[in-house]
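Everything on this sheet refers to the single structure shown next.
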Amino acid sequence: MKESWNVAKFSGGRVRLFIFAVLFFIGIMAVDQLTEFVAFKTGSGSVWGRDFAEAFAMTLTLIPLYYFLVHRQYLRVSEETTKNRERTAELSASEADVNTVLESAPDGIMRVDAKGVIKMANRAAHRLLGYAGSELVEKHISAIIPKDHLKILVEGYTSFLSGWEGEIRERAVSAEGLKKSGEFTDFELFVSECIFRGEVQYVLSMRDVTERKKADEAIRAAKEQAEEATRLKDKFVSLVAHDLKSPLASMIGLLELLENDAEKPIEKHGLDALTSAIKSGKSLSRLIDDVLNLSRLRSGELKLKKQFFDASLLSAKACEAFRHVAENRRIKLVNEIRHNSRIYADKILLYEALQNLVTNALKYCQSGDEVVISFNEGDNTSIRVSDNGPGMEKEKLSAVINYDSRSAGLASVAGAGIGLQLTKDIMAWHGGGMEVQSELGKGSAFTLRLPSVRPRILVVDDDQNFRHLVGHYLKKVGAMVSEADDGSKAVNMLSGKVALPHLIISDIEMPTMSGLDLLAYLQNRNDTKSIPVMIISGKHGMEIRETVYGLGAKDFLTKQIVVDDFLPRVKRYVG
């Protein structure tokens with residue numbers, strides 16, 4: 001559009017120049033013609049006649065010249081003046097709109113020059129600080145922000161600008177403000193830089209956060225009180241549970257001595273009562289263990305120690321532990337988790353959770369029922385304990401894992417509920433969960449859902465071909481393999497934001513940082529000292545083995561790798 005306008009202006013100028021040239025030529029011709037005419041009339045061509053003719057002809061010539069040079073210029077100036085007036089009116093209207101917005105803003109807004117003098121303050125700023133009219137204008141910023149807080153504000157903003165790249169961004173700064181009445185109040189300031197009429201100035205947006213800070217402090221105090229109450233409660237529970245545990249263990253031990261005393265056998269009815277007392281004592285002991293574990297878990301005393309392991313070994317252990325109970329009640333206990341089923345969890349706590357589910361299933365099942373430990377279909381990270389026992393109504397499912405609710409189906413079973421709550425908490429700490437499905441008359445199914453985790457292995461060796469060879473073998477265990485050609489590069493990788501590996505396989509002799517130095521580094525960091533390290537080296541002999549194991553390595557191999565020996569060793573740590 002702009003280009004078309006320029007072309008039009010250029011074309012218009014050429015036309016006017018052409019017209020002016022034609023008129024000027026006509027004027028010159030008129031001078032000659034008038035001169036000849038006067039000479040003809042006077043008969044002698046007097047000087048006066050010629051002068052008159054020339055003056056008249058020049059007048060005719062100057063008229064178009066005046067029009068094109070003077071009058072057109074006047075019109076142009078007049079047009080520019082009109083446009084300037086329109087622009088001024090638009091700017092005034094725009095400034096009025098901006099002022100309206102500023103005066104309507106709920107936050108106090110001020111413009112301060114480089115010397116700290118307030119040049120503009122909106123109505124909200126005056127209201128927040130207790131000033132009237134435009135009293136803030138021309139005051140120094142120190143009148144509303146005490147010098148010590150002003151110093152913090154300036155230093156904070158200067159520090160902010162020192163790292164500036166590109167455009168300046170707003171930054172919130174907390175400061176204490178001084179009202180006109182002398183009362184102090186808490187403000188949150190947003191500071192930004194601006195260029196105002198060629199001068200660097202600063203815009204301060206003020207927000208009174210006094211009430212918000214009071215509310216935050218109240219919430220913080222309430223949170224601290226609640227946490228302290230929880231700590232005291234957990235401590236109390238732990239103390240009571242420990243105090244109960246000791247005499248209970250002694251009582252069970254004495255009862256078992258009486259039960260197994262061959263010299264003074266107890267009669268049948270007394271033996272049954274004794275067996276019942278031992279059973280109740282052991283049940284109470286397990287309940288105390290659950291309370292202790294739940295307390296430790298919630299207080300943070302019990303830490304997760306996750307590792308890869310074969311889930312079938314865990315389910316087989318549970319089946320063996322409850323085999324006698326199942327056989328005595330004629331309940332079939334089945335382990336359907338196949339061998340080499342890798343999961344990633346805290347083995348001890350996950351077994352505790354699995355044991356609670358198997359215990360509950362056996363409690364509710366009757367003679368001839370079946371309890372099955374398996375994986376969820378198509379999911380090798382979720383362990384399922386199902387039975388074909390009495391089941392529960394859907395309305396009562398949520399009550400199963402709550403402390404305050406006890407379903408009718410659980411009322412006859414002492415201690416039911418807390419074990420499931422502990423199981424739920426254990427799975428939540430793993431980043432998973434516990435799910436329950438049940439149908440009245442058809443049985444129940446409890447599922448321990450774990451996050452899917454793929455093993456991460458870091459191979460550190462300066463021999464690229466060897467790294468690739470080890471990486472090829474590790475693919476057979478489904479691991480994600482990363483590589484470093486030196487110990488120092490491995491340290492950089494471990495210090496970054498990437499997830500830590502589950503296993504490190506390292507050489508010893510490397511140019512910048514050896515495998516022994518890498519081992520020492522790993523042992524000195526809390527977050528890496530638990531990572532198992534396998535050393536694979538060309539060196540061999542008892543001395544180097546003792547050194548490697550002394551620095552914390554879990555295994556040592558020579559570089560003549562035998563796959564059938566190497567992979568089982570790797571599976572000890574990644575399943």
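Closest non-hydrogen pair, Leu354 versus Ala318, comes out as CD2-CB, 4.0 Å. When all heavy atoms of Ala490 and Leu458 are compared, the closest pair comes out as CB-CD2, 4.1 Å. Here the shortest heavy-atom pairing between Met493 and Ala484 reads SD-CB, 3.9 Å. Here the closest non-hydrogen pair linking Tyr351 and Ala321 is OH-CB, 3.5 Å. A pairwise comparison of heavy atoms in Leu519 and Gly552 identifies CD2-C, 4.3 Å as the closest pair. The two atoms that bring Ser506 and Gly515 nearest to each other are OG-CA, 3.9 Å, heavy atoms only.
Side chain of Arg342 to main chain of Thr381: no donor-acceptor pair is present (N/O by atom type, distance under 3.5 Å, no hydrogens or angles). Under a 3.5 Å cut-off, the side chain of Ser341 and the backbone N or O of Ile337 do not form any donor-acceptor pair. A donor-acceptor contact shorter than 3.5 Å links the side chain of Thr528 to the backbone of Leu522. Looking at Asn328, its side chain does come within 3.5 Å of a backbone N or O of His324 through a donor-acceptor pair. The main-chain N or O of Gly478 is found under 3.5 Å from a side-chain atom of Arg454 such that the two form a donor-acceptor pair. Proximity of a side-chain donor or acceptor of Arg467 to a complementary backbone N or O of Val460 within less than 3.5 Å is not detected. For Asp387 (side chain) and Glu370 (main-chain N/O), no donor-acceptor pair under 3.5 Å exists by modelled atom type. Using modelled atom types, no side-chain atom of Ser514 and backbone atom of Met510 make a donor-acceptor pair closer than 3.5 Å. Judged by distance alone, with hydrogens and angles left aside, the side-chain atoms of Arg456 form no donor-acceptor pair with the main-chain N or O of Met480 at under 3.5 Å.
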### Query
Between Leu516 and Leu551, does a side-chain contact (heavy atoms from CB on, under 4.5 Å) hold up when you go through it step by step?
CA-CA 7 Å; Leu516 299 181; Leu551 288 172; 3.8 Å; yes
#### Entry: Trace of the side-chain contact (heavy atoms from CB on, under 4.5 Å) decision for Lys424 with Leu420
CA-CA 6 Å; Lys424 180 183 176 183; Leu420 291 178; over 6 Å; no
### Task
Take Lys489 and Asp485 through the salt bridge (Lys or Arg N to Asp or Glu O under 4.0 Å) test and state the conclusion after the steps.
CA-CA 7 Å; Lys489 291 185 178 178; Asp485 58 10; 3.2 Å; yes
### Task
Decide side-chain hydrogen bond (donor to acceptor under 3.5 Å, both in side chains) for Tyr521 and Ser495; before the verdict, give the C-alpha distance in whole Å, the side-chain angles of both, and the deciding distance to 0.1 Å.
CA-CA 11 Å; Tyr521 169 83; Ser495 301; 3.3 Å; yes
### Task
Check the pair Lys347, Gln307 against side-chain contact (heavy atoms from CB on, under 4.5 Å), reporting the backbone distance first and the verdict last.
CA-CA 7 Å; Lys347 186 185 292 186; Gln307 58 181 306; 4.0 Å; yes
### Task
Show your working on side-chain contact (heavy atoms from CB on, under 4.5 Å) between Met513 and Val491 and close with a plain yes or no.
CA-CA 9 Å; Met513 185 178 187; Val491 167; 3.7 Å; yes
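Here the OG-CG distance, from Ser315 to Asp310, works out to 8.0 Å after rounding to the nearest 0.5 Å. How far CZ of Phe375 is from CG of Leu448: 11.0 Å, rounded to the nearest 0.5 Å. Annotation: the span from Phe556 atom CZ to Lys539 atom NZ amounts to 9.0 Å, rounded to 0.5 Å. Taking NZ of Lys213 as the reference point, atom CG of Asp208 lies at 10.5 Å (rounded to 0.5 Å). Between atom CG of residue Asp461 and atom NZ of residue Lys559 there is a gap of 3.5 Å, rounded to the nearest 0.5 Å. The CG atom of Asn340 sits 11.5 Å away from atom CG of Asn380, with the distance rounded to the nearest 0.5 Å.
No side-chain heavy atom of Val372 sits under 4.5 Å from any side-chain heavy atom of Val385. For the pair Cys365/Val371, a side-chain contact is recorded, criterion being any heavy-atom separation below 4.5 Å from C-beta on. Looking only at side-chain heavy atoms (C-beta outward), Asp564 and Pro568 stay at 4.5 Å or farther from each other. Inter-residue side-chain proximity for Ile373 and Val358 is flagged as met; some heavy-atom pair is nearer than 4.5 Å. Counting heavy atoms from C-beta on, the side chains of Phe466 and Ile561 come closer than 4.5 Å. Inter-residue side-chain proximity for Gln355 and Phe322 is flagged as met; some heavy-atom pair is nearer than 4.5 Å. In this structure, the side chains of Lys317 and Leu313 stay at 4.5 Å or more apart for every pair of heavy atoms.
Of the listed residues (Val570, Ile504, Val459, Ile457), just one forms a side-chain contact (heavy atoms from CB on, under 4.5 Å) with Met534, and that residue is Val570. Shown are Val533, Leu474, Leu557; of these, the side-chain contact (heavy atoms from CB on, under 4.5 Å) with Ile505 is made only by Leu474.
In summary, the side chains of Tyr549 and Arg545 do not present any donor paired with an acceptor at a separation below 3.5 Å, with no hydrogens or angles considered. If you check the side chains of Asp186 and Thr210, you find no donor sitting under 3.5 Å from an acceptor. Looking at Thr423 and Asn356, their side chains do bring a donor and an acceptor atom within 3.5 Å of each other.
Taking 4.0 Å as the cut-off between side-chain N and carboxylate O, Arg569 and Asp555 count as a salt-bridged pair. With respect to the salt-bridge test (charged N to carboxylate O, under 4.0 angstrom), the residues Glu320 and Arg323 qualify.
The aromatic rings of Phe308 and His502 lie perpendicular to each other, with more than 60° between the two planes, well past the 30° mark.
Applying the 6.0 Å contact sphere to CD of Glu509 captures no more than 12 heavy atoms from other residues, nucleotides or ligands. Within a 6.0 Å radius of CD1 in Ile348, no more than 12 heavy atoms belonging to other residues, nucleotides or ligands are found. Around atom CZ of Arg330, no more than 12 heavy atoms belonging to other residues, nucleotides or ligands sit under 6.0 Å away. Around NE2 of His468, the count of heavy atoms belonging to other residues, nucleotides or ligands within 6.0 Å exceeds 12.
For the pair Lys306 and Tyr344, the cation does not sit on the ring face, since its NZ or CZ is not both under 6.0 Å from the ring centre and inside 45° of the axis. Cation-pi contact between Lys554 and Tyr573: absent, since separation from the ring centre below 6.0 Å together with deviation from the ring axis within 45° is not met.
In this structure Asn376 satisfies the side chain to side chain contact (heavy atoms under 4.5 Å, CB included) test together with Asp379, Ser382, Arg384, Thr447, sequence neighbours excluded.
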